[in-house]
Amino acid sequence: MMILLLFALAGMWLVAMLVWAVFTLTSHNQVPRQREHYIRFLLTGISLLALLLCVSWYFFPRDYDDPLDQIFTETTKNRPSLLERFLASSRRDPNQSIIPEAERATVRAVGKVDLTNDEAGWEFLLDQLSGAGSLSDKHIAHRQVALAQYIMMERADVDPDSAWSRVRNAIPYNPSLEEYETRRFLADTLRARYFESGDAELLAKLRKTMEFVAGHRAGNFEDQYNLALAYLLDGAPEKALPAIVSADNLWPTRGSMRSNVYFVMMLVHTILDNDKQALTMLTNFRDNYSDWIYVENYLPDIVDLEKIYPDKPALAVQRGRFHQWVNDYRSACEAYDGAMVHDDLSKTWQIAATMWKMEMTPAVAP
Amino acid sequence: MITVLLCCWTSLVIFLWMVQGKYYWTRPPWTILLAFAGAGLASCVPAMLCNWFLSEKTAFWAFDLDPFNSFAGFCIGAGVSEELWKFGCGLIVVTVMGRDIGDAGRMLGFITVGLAFATVENLSSYSGISTPQLLARGFISVPLHAAMGVIQGIAANRAYRGNVAWPLFLGYGVSIGLHTLHDTWGVFLPEPWVWLPIIVMMAMLGAWAFQVWWRVSEVPGLSRIQRPRKASKSVQEW
């Protein structure tokens, strides 16, 4: 309605100015003053511009979801302009006020733990976490200690009996959650063993276990994330999407673990051919994945998924982009070329890969 | 600091060269020129708003991948809008305080508006591009804005002398066409050839603007160009 009103106003204004111009040119006995010409010109010009803007707005509205806009800006602009830098300097750090007190307390507590003195260190951590109003109060704190102990058993040759007894000690803290907690630890074990062996049976068991854990009334954001991961690895990306979206919505903190949620969500969108979402997330990846520079940590995951989903060459384009960000141009070119010969690569990803490849060519004259 | 210099050096060089090359018998109207520079700065605000509106609310973003959208973005944003605000702000200065500055003063005024606009445009929108590109803008885009100022100056002079409005509309239309053409060569031509027509166009525009500026008289009836004069009949007879 508003735009139609603007439309009509600009149109009427333009017509009025033109009529005024014609009348003063033809039927004026008195010589007009110079100022009249200027005003007539200005008003006509402004009404013409307003009409053009209204027509553009009404008939050619902006497609807000087009991620290629963002990629183009990223590709063509090497650094922010002076105006953008000035405006950015006056903005607050968006992360500063969002980090909750519980997470800060946890970070402080972990920093004080003396890992050489195992018992005292973990007891101290337990106290700190319990007192800081952590995510699910003392239960979570006990669970974290038990899990740490369990990991130590797996990785640092701690006596398994002692480790498992700690796990069992953590569970009775809330007896009503015993089955949930037991299966949660089972899922951790299955996941660790699956990543070592790649056994499909373990994956099927992991998926079933995670479905129970994430569906439990005590299931939380981490469980949703792990369920999405299990679905993704098991070739069911359409089921992974709601789980990872739920994990993202429930996730209470920022930080490196949240980055993984972002990463997995981006991969799910890519595999589901949601090009706009995937491209947008890739464009913003470095702002949301703090360790993006350590490609060796996450590129193998994409390579694994490329094997699971051979008909999704967009994954290779993403891998190429990550290579490119760390200046590994050879690997990036190989990834782009490999993806672009694939018939399944969508037009959007083809354009993106072409533009990113152009970035790596030697600079041409502007 | 280097970025700031790269953004404004051509504007300063062109302005100083024009002032130094024209004003011989009289002092340049510094106060009014300052007002024109202020008008150039002021014209940036509505022009930036229009460009923002086009890129955020409509499909006509100048750098859109679709050639039609890109062309329309350049035509409306760079052509119609920027030239209107520059011309309009310059005319306001002419109306308020510049009625007696002569043909050269008016023309230099509109050129000053264009140069100030180009400087702010460089600083606000293009200071993030690479140094060679910024250098190239100094040789191509800044002179383009100055040439548009010459066209608008001629139009304002014609309108002033004849007390008519049509030269204003004609000058505005011509400047829209040339500005759009300058910006959209890239849409029509592939990469290796895109710069050739721009350079040729700018060379021709620059040469034309130079000779126009050279011929415009500093004071009506006084010119520094030596023209051959015929001796009067009585002297020939004598």
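Naming convention: chains lettered A, B, ... in sequence-line order (proteins, then strands); numbering from 1 in each chain.
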Next on the checklist: Is it the case that over 12 heavy atoms from other parts of the model lie below 6.0 angstrom from the CZ atom of A/R330?
Outcome noted: no
Checklist entry - Heavy-atom count around B/M204 CE within 6.0 Å, excluding the residue itself: above 12? => result no
Item to check | Rounded distance [0.5 Å steps], CG in B/L84 versus CG in A/L49 | outcome: 6.0 Å
Next on the checklist: As an exercise, state the distance from CG of A/L48 to CZ of B/F169, rounded to the nearest 0.5 Å.
Outcome noted: 10.0 Å
Checklist entry - Looking at B/N163 and A/H37, what are the two nearest heavy atoms and their distance? => result O-NE2, 3.0 Å
Checklist entry - Which heavy atom in A/L42 sits nearest to a heavy atom in B/G88, and how many Å separate them? => result CD2-CA, 3.2 Å
Next on the checklist: Using 30° and 60° as the class boundaries, would you call the ring planes of B/F60 and A/F60 parallel, tilted or perpendicular?
Outcome noted: tilted
Next on the checklist: Parallel, tilted or perpendicular, judged at 30° and 60°: which one describes the rings of B/F53 and A/W57?
Outcome noted: perpendicular
Next on the checklist: With a 4.5 angstrom heavy-atom cut-off, is it the side chain or the backbone of B/I140 that approaches chain A, or both, or neither?
Outcome noted: neither
Checklist outcome for this item: Okay, B/Y160 and chain A: the region with an atom under 4.5 Å from a heavy atom over there is both
Item to check | Most contacts with chain A, counted as non-hydrogen pairs under 4.5 angstrom, among B/T95, B/L54, B/L135 | outcome: B/T95
Checklist outcome for this item: Highest number of heavy-atom pairs under 4.5 Å with chain A among B/S81, B/P46, B/A156 belongs to B/S81
